[in-house]
Amino acid sequence: GENVEQHPSTLSVQEGDSAVIKCTYSDSASNYFPWYKQELGKGPQLIIDIRSNVGEKKDQRIAVTLNKTAKHFSLHITETQPEDSAVYFCAADTGRRALTFGSGTRLQVQP
Amino acid sequence: NAGVTQTPKFRVLKTGQSMTLLCAQDMNHEYMYWYRQDPGMGLRLIHYSVGEGTTAKGEVPDGYNVSRLKKQNFLLGLESAAPSQTSVYFCASSSGTGDEKLFFGSGTQLSVL
């Protein structure tokens, strides 16, 4: 089955700096790569996703890049704000409609 | 519009006891999922359903059973709870019409003593 590895497990940045979270996947058949944000005491929420036919996607301060050859994808957050503090999960799907999640990254933005 | 609702929010069980977690969604979604979340392990898929009356095993199905008798409900059962099943359980749903976005409930904190 699919295996998704996520790094780093914790990340601390100063407000206004950029944050980058990286994931690798094992199954070359995976074609859908979403990122979820989980705030304390809540369920995860989708923040951005990318499909295998696209190399990069942006949504305001958030961007995701995908390298199919290397089987890795990354989340980039620019101009970080305290409200970006949360746990972020990457995931991959081969089309079975059953996501495999990474282990999560706890991002802390220091004011 | 409530989205995905999970009950109960908290539960403490003794080893060997049974219980059922209920998930209800009001978005007419075809797909429903049960995940468990453990520290350092992310979210792991237990079982899922692609439509009313169907269920399928996920990554960690052992010790759990599920039922999808109605489209809006997805039940997760523990027949004989074990301490290894102490976890936070999340239900999620998606439309099944090409949009793969998952909508999650707020979770159930389960402790098995």
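Note that these values count all heavy atoms, side chains included, but never hydrogens, waters or copies made by symmetry. Residue numbers start from 1 in every chain, and the chains themselves are labelled A, B, ... in the order their sequence lines are given, proteins ahead of strands.
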- Message: Same cluster or not: B/Tyr31 versus B/Phe74, using hydrophobic residues (I, L, V, M, F, W, Y) connected whenever any side-chain heavy atoms lie under 4.5 Å apart?
- Response: no
Distance col, row A/Phe101:CZ vs B/Met41:CE, nearest 0.5 angstrom, shows 14.5 Å
same_hphob_cluster(B/Met19, B/Leu76) at 4.5 Å side-chain heavy-atom cutoff:
yes
query: Is there a path from A/Leu46 to A/Ile21 through hydrophobic residues (I, L, V, M, F, W, Y) whose side chains come within less than 4.5 Å of each other?
result: no
Minimal heavy-atom distance between B/Gly40 and A/Ser103, with the atoms involved, is O-CB, 3.5 Å
Are the side chains of A/Lys42 and B/Phe90 in contact, using a 4.5 Å heavy-atom criterion? no
Okay, B/Leu45 and chain A: the region with an atom under 4.5 Å from a heavy atom over there is side chain
Max heavy-atom pairs within cutoff under 4.5 Å with chain B, candidates A/Asp49, A/Asp93, A/Leu99, goes to A/Leu99
One should read off an interatomic distance between A/Tyr36 OH and B/Leu43 CG, to the nearest 0.5 angstrom, of 10.0 Å
Whatever's closer than 4.5 Å to a heavy atom in chain A on B/Phe103 counts as neither
Nearest heavy-atom contact between B/Phe104 and A/Pro44 is CD1-O, 3.2 Å
To the nearest 0.5 Å, atom CD of A/Glu2 lies from atom CD of B/Glu59 at 10.5 Å
For B/Gly42 and A/Phe89 the tightest heavy-atom approach is CA-CE2, 3.6 Å
Okay, B/Gln109 and chain A: the region with an atom under 4.5 Å from a heavy atom over there is neither
Check your understanding: Taking atom CD of B/Glu79 as the centre, does the number of heavy atoms from other residues, nucleotides or ligands within less than 6.0 Å exceed 12?
Key -> no
